Amino acid sequence: MAEFLLELFSEEIPAGLQASGAGDLEKLVLKGLKESGLAHGKSATLHGPRRLALVIDDVAEKSPDISEERKGPRVGAPEKALAGFLRGARLDNIDQCETVADKKGEFYVAMIEKPGRPATDILSEVVNDAIQQFPWPKSMRWGSGKLRWVRPLHSILALLGGKVVDIEIDGIKSGDMAIGHRFMAPKAVKVKDFTDYKKKLAKAFVM
């Protein structure tokens, strides 16, 4: 189990959209994790004029392995039906299936094993999808990029257990740096977890 910390840092977000933006970020990421089967604990959000942040506790190392039973055509079915079933089950030969009988006769059953996926891979995809699908009431594009965001997005901080989760969106790569107050502490600082993030941002005049 590990802590996941995400911060999306941009130009000034309109005041009326900051709280709702943080809530939408949480909903989208948690929805993606649920659909991917990745277990996690409690979540919380923070927001400010230039940032939306999300922290999720107790994220599992990977999603669980899944065994799926898929019912196929009857024994003796046309070759076309068998071929389609094998393609869908990602099998090479009908001999890889079991034969099961019921009142209507015998039919093929495929046991499909789906191994779990690492949390870093899932989080990378989920965050990417969340940013691309974000429901800002108004958004904009800038430069030559295709990303639409409420204001130009500058950086992505993404850490799982203190290690950077690789994310790249429209040329913006994730890292472990957070930026303080625009005028009083504009330099980026390296953070290792949520506690360190709050502590260093407070020193950089961000509340």
Side-chain angles (χ1 to χ4, degrees), residues 1-6 8 21 23-45 54-136 139 141 145-149 153 156 158-174:
M1 298 290 186
E3 175 193 273
F4 176 60
L5 172 63
L6 173 68
L8 305 179
D24 287 333
L25 178 64
E26 183 178 32
K27 289 176 185 176
L28 288 169
V29 172
L30 294 186
K31 178 183 177 183
L33 296 184
K34 182 178 180 180
E35 292 175 349
S36 300
L38 187 65
H40 59 83
K42 294 181 179 180
S43 61
T45 62
L54 169 67
V55 60
I56 305 175
D57 295 330
D58 300 325
V59 177
E61 292 183 4
K62 68 183 193 71
S63 59
D65 299 332
I66 298 175
S67 294
E68 177 185 345
E69 184 178 285
R70 184 174 299 182
K71 184 177 180 181
R74 293 182 182 180
V75 174
E79 287 295 325
K80 189 174 182 180
L82 293 176
F85 171 62
L86 291 175
R87 281 196 303 272
R90 296 185 178 181
L91 298 176
D92 300 318
N93 194 297
I94 199 66
D95 294 334
Q96 295 173 278
C97 301
E98 297 179 5
T99 303
V100 180
D102 63 10
K103 295 179 181 180
K104 297 181 180 180
E106 292 186 322
F107 56 88
Y108 293 109
V109 172
M111 295 301 298
I112 302 173
E113 302 292 334
K114 295 182 178 179
R117 300 175 60 214
T120 50
D121 292 350
I122 293 173
L123 286 166
S124 179
E125 291 180 4
V126 167
V127 172
N128 195 309
D129 289 344
I131 292 175
Q132 300 287 357
Q133 301 169 12
F134 213 86
W136 291 114
S139 58
R141 282 171 33 184
K146 296 181 180 180
L147 175 66
R148 298 192 68 87
W149 200 246
L153 185 65
I156 301 169
L159 297 173
L160 179 65
K163 296 182 179 180
V164 174
V165 176
D166 290 329
I167 301 167
E168 182 173 356
I169 299 174
D170 221 30
I172 303 169
K173 294 184 179 181
S174 57

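Keep in mind it's a predicted model, so treat the numbers as computed, not measured.
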- Item | Asp129 vs Glu35 side-chain heavy atoms within contact, under 4.5 Å | no
- Note on the structure: When every non-hydrogen atom of Ser174 is compared with those of Ala158, the smallest separation belongs to CB-CB, 4.2 Å
- With the side chain counted from C-beta on, respond yes when Trp136 and Asp24 share a heavy-atom pair under 4.5 Å apart, and no when they do not. no
- Message: Ignoring hydrogens, what is the shortest heavy-atom contact between Leu159 and Val165? Give both atom names and the distance.
- Response: C-CG2, 4.3 Å
- Could you check Leu8, Leu147, Leu153 and say which one makes a side chain to side chain contact (heavy atoms under 4.5 Å, CB included) with Ile169? Leu147
- Inspect the surroundings of CD in Glu113 and state if more than 12 heavy atoms from other residues, nucleotides or ligands are less than 6.0 Å away. yes
- Test side chain to side chain contact (heavy atoms under 4.5 Å, CB included) applied to Phe4 and Ile56, Leu38, Leu33, the passing residue: Ile56
- Message: Please find the pair of heavy atoms, one from Asp65 and one from Gly116, that lie closest to each other, and give the distance.
- Response: OD1-N, 2.6 Å
- Query: Roughly how far, to the nearest 0.5 Å, is the CD1 atom of Ile131 from the CG atom of Leu25?
  - Reply: 7.5 Å
- Decide yes or no for Phe134 and Ser139: does some side-chain heavy atom of the first lie under 4.5 Å from some side-chain heavy atom of the second? no
- Message: Within the supplied structure, the quantity of interest is the number of heavy atoms (other residues, nucleotides, ligands) at a distance under 6.0 Å from Glu69 CD; does it exceed 12?
- Response: no
- Note on the structure: All heavy atoms of Glu98 vs all of Met111, minimum pair found to be OE2-CG, 4.2 Å
- Query: So which heavy atom on Cys97 is nearest to which on Ala110, and how close?
  - Reply: SG-CB, 4.1 Å
- Task: Supply the atom-to-atom distance Thr120 OG1 to Glu125 CD, rounded to the nearest 0.5 angstrom.
- Result: 10.0 Å
- Query: Would you say the side chains of Thr45 and Glu26 form a donor-acceptor pair under 3.5 Å?
  - Reply: no
- Task: To the nearest 0.5 angstrom, please state how far the CG atom of Asp170 sits from the CD atom of Glu168.
- Result: 9.0 Å
- Item | CD/Glu61: more than 12 non-hydrogen atoms of other groups inside 6.0 Å | no
- OG (Ser124) and CG (Leu160) are apart, to the nearest 0.5 Å, by 11.5 Å
- Query: Between Gly72 and Phe107, which heavy-atom pair has the shortest distance, and what is it?
  - Reply: O-CB, 4.0 Å
- Message: Any side-chain to backbone donor/acceptor pair from Asp58 onto Met1? Under 3.5 Å, distance only.
- Response: no
- Query: Can you list the steps and then say if Leu6 with Ile156 is a side chain to side chain contact (heavy atoms under 4.5 Å, CB included)?
  - Reply: CA-CA 7 Å; Leu6 173 68; Ile156 301 169; 3.9 Å; yes
- Report the distance from atom NE2 of His40 to atom CD1 of Ile122, rounding to the nearest 0.5 Å. 11.0 Å
- Hey, which of Asp57, Val29, Leu30, Val55 is the one that makes side chain to side chain contact (heavy atoms under 4.5 Å, CB included) with Ser43? Leu30
- Message: Tell me if a side-chain donor or acceptor on Gln96 pairs with a main-chain N or O of Asn93 at a distance below 3.5 Å.
- Response: yes
- Query: When rounded to the nearest 0.5 angstrom, what is the spacing between CG in Leu82 and CD1 in Ile94?
  - Reply: 5.0 Å
- Message: With a 3.5 Å distance limit and no angle check, can you tell me whether Arg70 reaches the backbone of Gly88 through a side-chain donor-acceptor pair?
- Response: yes
